[in-house]
Undergrad: 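Can you read through this structure? Questions will come right after.
Just so it is clear, the values below take in all heavy atoms, side chains as well, and ignore hydrogens, waters and symmetry mates.
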Amino acid sequence: MHQQSTAPSAAERPLWDRPEHFPPDGVATWAQETIGAPLPFDRRSALPAGPSAAAPPAPHRARRPTPTPSPRTATASRAAPELPPTHAALICVALPGLAISGELGQLAGRGLDGFYRGGRRLLSRCQVRVAGREPLAVQARMTGADSARFVGTLWASPAAGPDPDVVVERTRRAEGSERITLRNAAARPLRLPVEVALGTDLAELATIASGRAGPELPATVHDSGLRWAKAGVASCVTADPPPSDALASAGLLRWELELPPGGTATVELRVRLDRAGPLRAVGQTTTSPLAPARATGDDLRVTPLLNEAIADIQALLLRDPAHPSDTYLAAGAPWRCGLAPAEALAAARMALPLGTRLATGTLRTLARIQLRDPDPRTGMIPGPRRDAGPHLPPGCTGTEATLLFPVLLAEARRWGLPEQETRELLPAAERCLAWLRSAVGNGTYLPDPQPAGPVRCETQAHAHRAALLGADLLDAYGRPGADELREWARALRAAFWLEEHGGGRPAAALTPDGRPVSRLGSAAVHLLDTGLLGSGRLAPGLLDRVQTESLARLFGTPALDAGWGLRGLSAKEPGHNPFGHRSGAVRVHETALAVTGLAAAGYEKEAGGLLRGLIEAAEHFGHRLPEMFAGEQRSAGSAPLPHPAACRPAATAAASAIMVLTALAGIRPDTPARTVTLRPVRSAPLGELVLTGLRLAGAPFAVRISRLGLAMVEEAADGLQLGV
């Protein structure tokens with residue numbers, strides 16, 4: 001006898017409670033985000049089906065929180081794979097190459113270990129034995145964004161006593177090389193047998209992430225090393241000097257090395273795709289789109305913070321193969337080494353103080369994949385879905401990218417994007433703005449995802465900023481539509497505030513029938529990011545002065561401020577998880593937006609507290625910030641907990657360091673008017689700070705912020721005037 005189910009049918013459930021309607025983005029694989037591919041994901045699965053439609057009318061001001069929709073259910077058949085951890089890995093990046101290692105230095109063929117090129121693992125196992133033993137690992141550290149150094153020791157002489165007499169140093173590089181150097185610290189010559197055990201599965205990263213990598217492949221002897229092949233793909237390892245013996249069945253290369261007292265011997269391995277030349281990393285073969293900026297000051301941590309940020313951005317550069325002069329940023333390693341439009345635009349915007357060339361390449365690349373007629377979503381930049389935590393359905397990163405495009409173009413023009421390049425990109429920006437008006441239709445709000453998603457708070461902030469900066473851009477070039485955009489932006493304001501005792505808070509979203517989703521998290525920082533207009537003015541935002549003050553106060557409370565940065569979801573909210581990437585973890589990008597937004601609004605105490613916490617967190621991560629880390633509360637003597645699946649390096653995290661440091665000077669340029677306005681943080685939370693090698697109006701720019709919070713320009717383009 002069958003019992004009748006009381007659960008609602010799929011058709012009866014709210015749209016966001018139907019997991020089949022929202023394909024998760026999961027791990028952004030190279031298959032979805034192919035390095036250098038003109039279209040990095042399938043448009044059919046990346047965007048909702050059907051024409052754009054506006055959400056039903058919602059109340060102008062929500063007064064009381066109401067129960068939120070139930071979280072999306074998970075089914076066993078669609079359980080997410082357990083990703084190999086990255087928090088303890090040393091990830092060398094020089095895209096399209098990666099080298100991922102554990103702290104012991106040996107590549108054991110487990111987890112993510114290996115050398116990669118274009119998302120395929122060319123070598124998964126590289127284990128060194130000297131005199132039949134593995135060296136004892138004593139140190140592992142990154143020596144650059146693309147290289148790591150491992151040091152081990154061993155006892156080769158029976159009479160060595162407690163002191164090791166052989167040092168084994170390994171230098172691993174993302175471009176596909178490993179240098180193994182042995183140093184004899186004994187007082188007598190040593191004859192050392194050295195073995196290197198090699199192997200690979202030639203698996204793609206997506207397959208490795210899902211736990212389906214498969215067994216190692218059989219090797220064959222090839223040239224001065226070994227070769228592996230499957231399904232039309234092959235990789236090889238060559239050695240210099242050539243080994244004295246190569247055993248394909250065991251995947252072994254062998255040498256007999258003679259080391260005099262104090263002497264060294266070196267073996268260099270090179271990992272290659274078969275019949276392919278040496279890897280040419282984009283960031284190392286093109287003229288850098290980034291100015292060589294430096295930071296110095298009272299806080300000595302600012303120097304390595306900016307240095308690491310620039311190095312990480314350089315390592316994440318990709319090139320459109322059909323247009324080699326156009327470079328853009330991958331979202332992060334190891335999971336997102338392809339084009340992710342929203343992250344690429346956000347990172348390029350934050351990196352504008354280092355010049356406009358990265359913005360130009362990013363905008364040109366995305367203009368080429370923008371949807372055109374006869375697609376009903378013409379003007380949209382496609383993007384995959386992004387998980388939004390337990391209380392909302394996945395959002396569409398294509399919506400965010402489409403709204404960021406005109407903002408980046410407008411602000412890049414202020415920083416010095418040449419007029420000719422601006423004019424070339426203006427039609428694509430106009431198509432983005434036309435899509436916005438079409439998606440809103442006769443309604444007030446922009447649902448996300450289209451056509452029947454919730455009205456997200458951060459989406460309206462993106463749309464409001466795009467409308468105002470886009471209108472400013474249209475006016476500058478005598479194009480129609482500016483007044484209509486400004487009128488819509490005026491109607492949008494103050495729609496998301498929940499009146500509560502003590503000042504209220506922004507709602508996370510409005511449901512399609514107008515009910516507020518009352519969840520407080522770091523997504524609200526987008527309400528403070530209003531964008532740059534002319535004459536050093538910031539665009540008006542969606543919040544009034546009283547609401548901005550209430551939000552600033554909330555950001556300063558322990559429920560949101562973990563002491564290292566802002567939690568993605570308040571610790572007081574149901575469903576809070578300090579490791580939840582949208583439900584409690586500290587997301588570096590959003591914390592940086594909070595710092596700059598609060599500082600610009602005059603809430604320097606809250607901005608300074610978040611800034612100092614973020615810089616202290618960066619120190620624990622070797623000044624190389626991950627995209628996120630756990631939102632555990634900071635305490636005396638504690639350290640931030642890494643997230644085991646976070647990208648590191650990540651484009652937006654690296655660019656965040658550039659944004660927060662330059663925000664201390666409050667640099668607001670207007671190159672078309674030949675002015676720059678400075679609005680420094682008067683409290684000078686890091687003491688004196690000097691930023692040199694920035695780029696503004698096509699020329700070097702340097703600024704000094706004194707301990708009294710006064711900003712002084714020390715170098716600038718000829719004819720550039722200081723605004724009031």
Side-chain angles (χ1 to χ4, degrees), residues 291 293 295 297 348-356 359 406-419 422 464-465 468-473 475-476 528-541 543 545 548 552 592-604 607-608 611 655 658-686 688-724:
R349 183 180 175 223
M350 291 188 288
L352 281 173
L354 304 189
T356 61
V407 169
L408 177 57
L409 181 59
E411 292 192 336
R413 176 174 173 263
R414 299 292 175 194
W415 280 91
L417 185 67
E419 285 293 304
T422 307
H464 185 262
R465 182 177 60 236
L468 294 183
L469 270 65
D472 193 55
L473 193 62
D475 277 348
L528 299 176
D529 179 14
T530 62
L532 179 65
L533 295 175
S535 304
R537 296 177 299 117
L538 296 180
L543 302 181
R545 183 181 59 82
T548 302
L593 286 175
V595 170
T596 56
L598 290 168
Y603 298 97
E604 295 189 358
L611 172 64
I658 299 167
M659 183 172 68
V660 296
L661 291 179
T662 54
L664 294 177
I667 306 170
R668 300 181 188 177
D670 188 354
T671 295
R674 302 303 293 173
T675 64
V676 59
T677 304
L678 301 180
R679 294 286 186 266
V681 178
R682 297 290 186 179
S683 57
L686 301 182
E688 184 176 70
L689 175 66
V690 181
L691 299 171
T692 59
L694 304 177
R695 198 154 188 88
L696 173 58
F701 184 79
V703 63
R704 178 185 298 270
I705 304 99
S706 73
R707 297 182 183 93
L708 298 177
L710 301 176
M712 296 155 282
V713 174
E714 296 195 332
E715 185 180 16
D718 291 340
L720 196 66
Q721 300 295 317
L722 194 61
V724 178

Undergrad: What verdict does the side chain to side chain contact (heavy atoms under 4.5 Å, CB included) test give for R349 and M659, after you've listed the backbone C-alpha separation in whole Å, the side-chain angles of each residue and the deciding distance to 0.1 Å?
TA: CA-CA 9 Å; R349 183 180 175 223; M659 183 172 68; over 6 Å; no
Undergrad: Which heavy atom of L598 sits nearest a heavy atom of A552, and at what distance?
TA: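 Nearest pair, atom of L598 first, then A552: CD2-CB, 3.5 Å.
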Undergrad: Measure the shortest side-chain to side-chain distance between V676 and T671 over non-hydrogen atoms and say whether it is less than 4.5 angstrom.
TA: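 When only atoms from C-beta onward are counted, T671 and V676 do not touch, as no gap falls below 4.5 Å.
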Undergrad: Look at the side chain of R682 and the backbone N and O of L708, then say whether any donor-acceptor pair between them is shorter than 3.5 Å.
TA: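 Not at all, since once roles are kept as given, no pair shorter than 3.5 Å links the two residues.
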Undergrad: I'd like to know whether T548 forms a side chain to side chain contact (heavy atoms under 4.5 Å, CB included) with Y603, so could you lay out the CA-CA distance, the side-chain angles of the two residues, the decisive distance to 0.1 Å, and finally the verdict.
TA: CA-CA 9 Å; T548 302; Y603 298 97; 3.7 Å; yes
Undergrad: Can you tell me how far apart CD (E411) and CG (L417) are? Round to the nearest 0.5 Å.
TA: 12.0 Å
Undergrad: Can you tell me if R537 uses its side chain to pair, donor with acceptor, with the backbone of G534 under 3.5 Å?
TA: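 Yes; judged by distance alone, with no hydrogens or angles, the pair exists.
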Undergrad: Between the main-chain N or O of A539 and the side-chain N or O of T530, is there a donor-acceptor pair closer than 3.5 Å?
TA: yes
Undergrad: After noting the C-alpha distance and the side-chain angles of L408 and L352, does the key distance pass the side chain to side chain contact (heavy atoms under 4.5 Å, CB included) rule?
TA: CA-CA 9 Å; L408 177 57; L352 281 173; 4.1 Å; yes
Undergrad: How far apart are the closest heavy atoms of L694 and A293, and which atoms are they?
TA: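 Closest pair (atom of L694, atom of A293, distance): CD2-CB, 3.8 Å.
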Undergrad: If you measure from CG on L533 to CG on L469, what distance do you get to the nearest 0.5 Å?
TA: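 The CG atom of L533 sits 5.0 Å away from the CG atom of L469.
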Undergrad: Please report the closest heavy-atom contact between T356 and A412, naming both atoms and the distance.
TA: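 Looking at all heavy atoms of both residues, the shortest contact is CG2-O, 3.6 Å.
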Undergrad: Please tell me if the side chains of P353 and R695 come closer than 4.5 Å, counting only heavy atoms from C-beta onward.
TA: no
Undergrad: State, with a plain yes or no, whether a side-chain heavy atom of P685 is found less than 4.5 Å away from one of L664.
TA: yes
Undergrad: At their closest point, which heavy atom of V681 faces which heavy atom of A599, and how far apart are they?
TA: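 Of all heavy-atom pairs spanning V681 and A599, the closest is CG2-CB, 3.8 Å.
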Undergrad: Calculate, to the nearest 0.5 Å, the distance between atoms CG and CG belonging to L473 and D475 respectively.
TA: 9.5 Å
Undergrad: According to salt bridge (Lys or Arg N to Asp or Glu O under 4.0 Å), who are the partners of R414, at least two apart in sequence or on a separate chain?
TA: D472, D670
Undergrad: I'd like to check L468 versus P540 (side-chain heavy atoms, cut-off strictly below 4.5 Å). Are they in contact?
TA: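 A side-chain contact under 4.5 Å exists here.
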Undergrad: For a quick test of your reading: what N or O donor-acceptor pairs under 3.5 Å do the side chains of residues 709-723 make, sequence neighbours left out?
TA:
unit_1 : atom_1 : unit_2 : atom_2 : d
E714   : OE2    : R704   : NE     : 2.6
E714   : OE2    : R704   : NH2    : 3.3

Undergrad: CG/L528 to OG1/T596 distance, rounded to the nearest 0.5 angstrom?
TA: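 The OG1 atom of T596 is 8.0 Å from CG of L528, to the nearest 0.5 Å.
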Undergrad: Might you point out which heavy atoms bring A295 and L689 nearest each other, and give the distance in Å?
TA: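 So the minimum-distance heavy-atom pair works out to CB-CD1, 4.4 Å.
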Undergrad: Any heavy-atom pair between the side chains of L409 and V407 that's under 4.5 Å?
TA: no
Undergrad: Do F701 and L691 come close enough that some side-chain heavy atom pair is under 4.5 Å?
TA: no
Undergrad: With heavy-atom distances below 4.5 Å as the criterion, would you say the side chains of L538 and R668 are in contact?
TA: yes
Undergrad: Report the residues that fulfil salt bridge (Lys or Arg N to Asp or Glu O under 4.0 Å) with E604, sequence neighbours left out, ordered by chain and then residue number.
TA: none
Undergrad: Is the closest side-chain heavy-atom distance between I705 and E688 below 4.5 Å?
TA: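 No, every pair of side-chain atoms sits at 4.5 Å or beyond.
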Undergrad: When rounded to the nearest 0.5 angstrom, what distance separates OG1 in T662 from CG in L354?
TA: 8.0 Å
Undergrad: Could you walk me through whether M350 and I658 pass the side chain to side chain contact (heavy atoms under 4.5 Å, CB included) test, one step at a time?
TA: CA-CA 7 Å; M350 291 188 288; I658 299 167; 5.9 Å; no
